[in-house]
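When reading the values below, keep in mind they use all heavy atoms of this one structure, side chains included, and skip hydrogens, waters and symmetry mates. Chain letters run A, B, ... following the sequence lines, proteins first and then strands; every chain starts at 1.
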There are 2 protein chains.
Amino acid sequence: MPTSTVENYVKQIYLQQQSRAADLLPMGQLAAAMNVVPGTATAMVKTLAESGLVEYEPRGGIRLTEGGARLALHVLRRHRIIEAFLVDVLGLDWSQVHEEAELLEHVVSDKVLDRMDALLNHPQYDPHGDPIPTSQGDIAEQAILPLMSCKSGDQAIVARVSDQDPEFLQYIERHGLVPGTQINVSSLNTLADSVEVRLPKDKTVVLGSNAAAKILVRPHIAG
Amino acid sequence: MPTSTVENYVKQIYLQQQSRAADLLPMGQLAAAMNVVPGTATAMVKTLAESGLVEYEPRGGIRLTEGGARLALHVLRRHRIIEAFLVDVLGLDWSQVHEEAELLEHVVSDKVLDRMDALLNHPQYDPHGDPIPTSQGDIAEQAILPLMSCKSGDQAIVARVSDQDPEFLQYIERHGLVPGTQINVSSLNTLADSVEVRLPKDKTVVLGSNAAAKILVRPHIAG
DNA sequence: GTAGATGTTTTGAGTAATCAAAATAGTATG
DNA sequence: CATACTATTTTGATTACTCAAAACATCTAC
Ligand SMILES: [Mn+2]
Ligand SMILES: [Mn+2]
Ligand SMILES: [Mn+2]
Ligand SMILES: [Mn+2]
């Protein structure tokens with residue numbers, strides 16, 4: 001059985017590999033993402049390579065093997081179903097569930113996970129809009145774009161909020177930008193580095209590009 | 001923060017101290033209960049003593065301090081609420097939940113536990129009939145007796161089944177002896193080392209004294 | 001094409017938990 | 001009371017994970 005640490009590393013390698021273009025993930029990135037010093041990441045990666053979970057090219061970087069990706073998707077499935085369960089069944093705030101799930105994902109059995117999944121009616125997305133892999137390890141690649149890639153006047157639906165910082169999530173919720181919300185890009189100015197969106201009840205929110213980068217939308221053709 | 005291991009030791013010391021009469025719990029008992037070799041228990045107990053959770057008398061044994069008992073009851077509360085939640089909300093079998101709770105008890109936050117507790121309507125007992133300590137650390141001491149202490153003809157209600165072996169629990173459930181069941185001691189023979197009980201629908205079950213010792217009942221005055 | 005700067009690996013060390021097996025203390029037995 | 005048995009503690013090792021700091025490799029600039 002993989003330890004919690006191994007599961008966390010493999011999951012993080014998967015997530016980092018998603019967001020970067022390159023084939024090989026540099027050690028420094030991994031160390032930073034895992035909050036460990038570089039030497040620790042090197043040591044760990046060697047044991048991951050021993051277990052056949054990653055391919056390791058010294059001074060080059062790493063990539064997940066087939067088996068590594070399978071494990072990563074398993075952990076991700078657990079994590080996201082647990083998040084959905086904590087929000088929908090236990091009524092926790094979406095800003096808190098990531099941290100909880102970070103621990104629970106390593107101890108919840110398949111049986112318990114299946115029950116949660118059934119109780120939730122086999123959800124496709126977690127509370128932050130991240131897709132939930134199937135138990136077979138298939139994951140839906142959504143056609144979504146960063147908010148800043150819209151043009152003024154565009155209609156869109158908030159699809160995902162890709163940050164786990166509770167403060168940020170609470171701010172987003174207070175202003176009604178949760179996944180599923182229909183929005184209208186009222187003005188987008190790359191020079192001023194900001195975007196204004198109009199929400200259903202004619203409220204408006206202004207976000208700088210750093211914040212807007214965390215909001216991913218599904219373009220929506222009006223009418 | 002105490003590690004999972006520390007929590008497991010302290011909880012086990014509490015449980016062992018309950019079931020034995022003596023004030024000091026011998027090292028051997030603890031080692032056996034924790035499934036470790038005696039040397040491991042000695043090493044661990046020294047660190048528990050350092051942390052002020054137990055008093056340790058070398059070659060005598062150990063006893064929980066005030067703080068140790070508080071921690072034990074906290075863990076026990078978590079364990080039992082989780083068990084109740086897994087059975088009542090997720091629909092797991094009562095024979096399986098002990099093992100699940102053994103892991104979950106160390107990672108479920110206070111917030112999540114409170115939600116579970118509320119959703120269950122603040123249960124007093126877990127699925128096996130064990131009392132759930134309050135968040136203040138108070139635990140109801142029930143006036144219950146081993147089944148073998150009854151006399152032929154006695155009425156009683158099954159209050160607790162004190163074994164976590166899934167096979168045994170499944171057997172008990174198949175024969176309808178779950179907590180809450182009204183029973184009638186139709187014959188009890190100490191020489192033959194066995195007891196026969198009659199259940200609501202006139203079914204009967206025979207148990208040897210070893211099995212009967214795990215069934216605790218609340219005597220019930222008929223009429 | 002040598003000199004830095006940057007990123008990575010190595011080395012040495014520490015914590016938490018465990019086991020196997022030797023040493024020791026305490027108790028019971030002839 | 002000496003011997004033997006039993007329970008407990010000690011000692012020496014191992015596994016998993018981590019950090020600090022030194023050593024090393026690679027790429028960049030001048
Ligand atoms: Mn995790
Ligand atoms: Mn999420
Ligand atoms: Mn446990
Ligand atoms: Mn129980």
(message) Output the rounded distance in Å from CD1 (B:Ile62) to C1' (D:dT8).
(response) 13 Å
(request) Report yes if the side chains of A:Ile132 and A:His122 come closer than 4.5 Å at any heavy-atom pair, otherwise no. (result) no
(request) Examine D:dT9: is either OP1 or OP2 under 4.0 Å from a nitrogen or oxygen in the side chain of B:Tyr56? Give yes or no. (result) yes
(request) Please tell me if the side chains of A:Arg160 and A:Gln142 come closer than 4.5 Å, counting only heavy atoms from C-beta onward. (result) yes
Check nucleotides 3-7 of chain C for protein N or O atoms closer than 3.5 Å to its own N or O atoms and list the pairs.
unit_1 : atom_1 : unit_2  : atom_2 : d
C:dG7  : N2     : A:Arg59 : NH2    : 3.1

(message) At a heavy-atom distance below 4.0 Å, what parts of residues 2-13 of chain A sit against DNA chain D?
(response) A:Thr3, A:Thr5, A:Tyr9
(message) Nearest whole Å is fine: how far is C:dT8 C1' from A:Gln29 CD?
(response) 13 Å
(message) Using side chain to side chain donor-acceptor pair (under 3.5 Å), reason through A:Gln12 and A:Gln16 one step at a time and then give a plain yes or no.
(response) CA-CA 6 Å; A:Gln12 202 51 238; A:Gln16 294 297 315; 3.1 Å; yes
(request) Look at the aromatic rings of B:His98 and B:His79 and report parallel, tilted or perpendicular, splitting at 30° and 60°. (result) tilted
(message) Quick check: closest heavy atoms across B:Leu188 and B:Leu147, and the distance to 0.1 Å?
(response) CD1-O, 3.9 Å
(request) Could you state the atom-to-atom distance from CG of B:Leu48 to P of C:dT18 in whole Å? (result) 11 Å
(request) Look at the side-chain N and O atoms of A:Lys46 and state whether any lies under 4.0 Å from the OP1 or OP2 oxygen of C:dT9. (result) no
(message) Quick check on contacts: within residues 35-42 of chain A, what sits under 4.0 Å from DNA chain C by heavy-atom distance?
(response) A:Pro38, A:Gly39, A:Thr42
(request) Flag the pair A:Leu15 / A:Leu76 as yes when at least one side-chain heavy-atom distance between them is below 4.5 Å, and no otherwise. (result) yes
(request) Using a 4.5 Å cut-off on heavy atoms from C-beta on, say whether the side chain of A:Tyr14 contacts that of A:Leu71. (result) no
(message) Less than 4.0 angstrom from a charged side-chain N to a carboxylate O is my criterion; do A:Glu7 and A:Arg78 meet it?
(response) no
(request) Find the distance A:Met1:CE to D:dT15:C1' and express it as a whole number of Å. (result) 17 Å
(request) Would you mind telling me which of A:Lys214, A:Arg80, A:Glu83 makes a side chain to side chain donor-acceptor pair (under 3.5 Å) with A:His128? (result) A:Glu83
(message) Can you tell whether the side chains of B:Glu100 and A:Lys111 come within less than 4.0 Å, N to carboxylate O?
(response) no
(message) Heavy-atom count check: over 12 atoms from other residues, nucleotides or ligands less than 6.0 Å from A:Gln18 CD?
(response) yes
